[in-house]
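Here's the structure we're looking at; comments come further down.
FYI, side chains are in, hydrogens and waters are out, and symmetry mates aren't considered; it's all heavy atoms of this structure.
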Amino acid sequence: MSTRAALGFKLHTGWAVLVAVTGHPSDIQVLFRRRIELLPPDSSIPRFVYHQASEMQPARAMELVNRGMKASRQSALLVVKNAVEELGARGVRVNVCGILCGSVVPPQELAAILRSHPRIHAAEGALFQNAIVSACQSHGLKVVLSREREVWARAADAWDLAEAGLRKNVDGLRKALGAPWSADHKSATAIALLALKSKKNAKTA
């Protein structure tokens, strides 16, 4: 029987930290950890798409946002494809991913987003979150979402552990893995562990 792993994503604007995790909280194995880019390397799409769009006329703003959505989805598809294929070549099966998500859902209407600076920030987060969700679903992965402030408690509860014990185990991985082992890597590992324990087929948040 092949090993089962989960991908865990901690998103930023235009990039993310990705980990692949297998095992269980007392024997966590991080198969890889890396920074992934979610926009083309040629800077043809600005990282802060909605910020730049807010300085444009409506038609040009819409065109830029649409290009940003398309480019981020193409980048995310390639990232997930490469991760799944790399792990598959190592005999590791991936059928689930965890994504740390924001707490604010932006409106659908672009004009409403661009009138509000907090909504602009929320929309930029949602753009890359949606790209990763779509890419994972396109590769047949179940998607588990969690707000970062809730992920440790949820993961600990899923594994029937104390939160402090789970945090200690994840913190302790630095000794074996070496640097970098940042807060981003740790929270991505927590959401991956939550995803590994999930059983339902539906997206959960």
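Linking Ile, Leu, Val, Met, Phe, Trp and Tyr residues whenever their side-chain heavy atoms come within less than 4.5 Å places Leu177 and Leu196 in a single cluster.
Among residue pairs with one or both ends in residues 14-34, those qualifying as ring-ring contact (aromatic ring centres under 6.0 Å, His included) are His12-Trp15; sequence neighbours excluded. Within the structure, ring-ring contact (aromatic ring centres under 6.0 Å, His included) contacts touching residues 83-115 (residues at least two apart or in different chains) do not occur.
For Gln108, there are no side chain to side chain contact (heavy atoms under 4.5 Å, CB included) partners, not counting sequence neighbours. Not counting sequence neighbours, the partners of Arg67 by the side-chain hydrogen bond (donor to acceptor under 3.5 Å, both in side chains) test are Glu63. Residues satisfying the salt bridge (charged side-chain N to carboxylate O under 4.0 Å, His left out) test with Arg34, not counting sequence neighbours, are Glu86. For the side-chain hydrogen bond (donor to acceptor under 3.5 Å, both in side chains) test, no residue two or more places apart in sequence or in another chain qualifies with Arg115. With sequence neighbours excluded, the residues that form a side chain to side chain contact (heavy atoms under 4.5 Å, CB included) with Ser103 are Arg147, Arg149. In terms of the salt bridge (charged side-chain N to carboxylate O under 4.0 Å, His left out) criterion, residue partners of Lys81 (sequence neighbours excluded) are, by chain and number, Glu85. In terms of the side chain to side chain contact (heavy atoms under 4.5 Å, CB included) criterion, residue partners of Leu31 (sequence neighbours excluded) are, by chain and number, Ala5, Ala20, Thr22, Leu87, Arg90, Val92. In terms of the side chain to side chain contact (heavy atoms under 4.5 Å, CB included) criterion, residue partners of Leu78 (sequence neighbours excluded) are, by chain and number, Asn82.
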Identify all side-chain donor-acceptor contacts of residues 186-193 below 3.5 Å with residues at least two apart in sequence or on another chain.
| from | atom 1 | to | atom 2 | distance (Å) |
| --- | --- | --- | --- | --- |
| Lys186 | NZ | Asp171 | OD1 | 3.2 |
| Ser187 | OG | Glu148 | OE2 | 3.3 |
| Ser187 | OG | Ala183 | O | 3.1 |
| Ser187 | OG | Asp184 | O | 3.2 |
| Thr189 | OG1 | His185 | O | 2.8 |

Using residues 47-59 as the side-chain source, report each donor-acceptor pair under 3.5 Å to any protein atom, sequence neighbours left out, with the distance given to one decimal.
| from | atom 1 | to | atom 2 | distance (Å) |
| --- | --- | --- | --- | --- |
| Arg47 | NH1 | Thr13 | O | 2.8 |
| His51 | ND1 | Glu124 | OE1 | 3.0 |
| His51 | ND1 | Glu124 | OE2 | 2.9 |
| His51 | NE2 | His117 | NE2 | 3.1 |
| Ser54 | OG | His51 | O | 2.5 |

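The CG atom of Asp160 lies 8.5 Å from the NZ atom of Lys197; values are rounded to the nearest 0.5 Å. The structure places CZ of Arg154 at 9.5 Å from CG of Asp157, a figure rounded to the nearest 0.5 Å. With values rounded to the nearest 0.5 angstrom, His139 atom NE2 is found 6.0 Å from Leu77 atom CG. Distance check: Leu38 CG to Ile45 CD1 gives 13.0 Å after rounding to the nearest 0.5 Å. Rounding to the nearest 0.5 Å gives a distance of 5.0 Å between CD1 of Ile28 and CG of Leu173. How far CD of Gln137 is from SG of Cys97: 8.0 Å, rounded to the nearest 0.5 Å.
Annotation for Arg35: atom CZ counts as buried by contact number, over 12 foreign heavy atoms lying within 6.0 Å.
Across all non-hydrogen atoms, the minimal contact from Ala179 to Arg174 is CB-NH2, 3.7 Å. Contact record, Cys101 with Gln129: CB-OE1, 3.1 Å, taken as the closest heavy-atom pair. The two residues Ser75 and Pro40 come nearest to each other via the heavy atoms OG-N, 4.2 Å. Contact detail for Trp159 and Gly23: the closest heavy-atom pair is CH2-O, 3.9 Å. The two residues Ala71 and Leu39 come nearest to each other via the heavy atoms CB-CD2, 4.4 Å. Closest approach of Gly178 and Arg33 over heavy atoms only: O-NH1, 3.0 Å.
Residue Cys136 is tested with Val80, Val96, Val79 for a side chain to side chain contact (heavy atoms under 4.5 Å, CB included); the sole match is Val80. Checking Leu18, Val133, Val17, Val143 one by one against Phe9, the side chain to side chain contact (heavy atoms under 4.5 Å, CB included) holds for a single residue, Leu18.
Of the possible donor and acceptor atoms, one in the side chain of Asn130 sits under 3.5 Å from a partner among the backbone N and O of Ala126. Side chain of Trp181 to main chain of Val170: a donor-acceptor pair is present (N/O by atom type, distance under 3.5 Å, no hydrogens or angles). Arg167 places no side-chain N or O within 3.5 Å of a backbone atom of Trp152 that could act as its donor or acceptor partner. With Ser198 contributing its side chain and Ala195 its backbone, the two residues share a donor-acceptor pair below 3.5 Å.
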*asked:* Quick one, Leu127 with Met69, criterion side chain to side chain contact (heavy atoms under 4.5 Å, CB included). Give me CA distance, side-chain angles, the key distance, then yes/no.
replied: CA-CA 6 Å; Leu127 186 153; Met69 289 179 177; 4.2 Å; yes

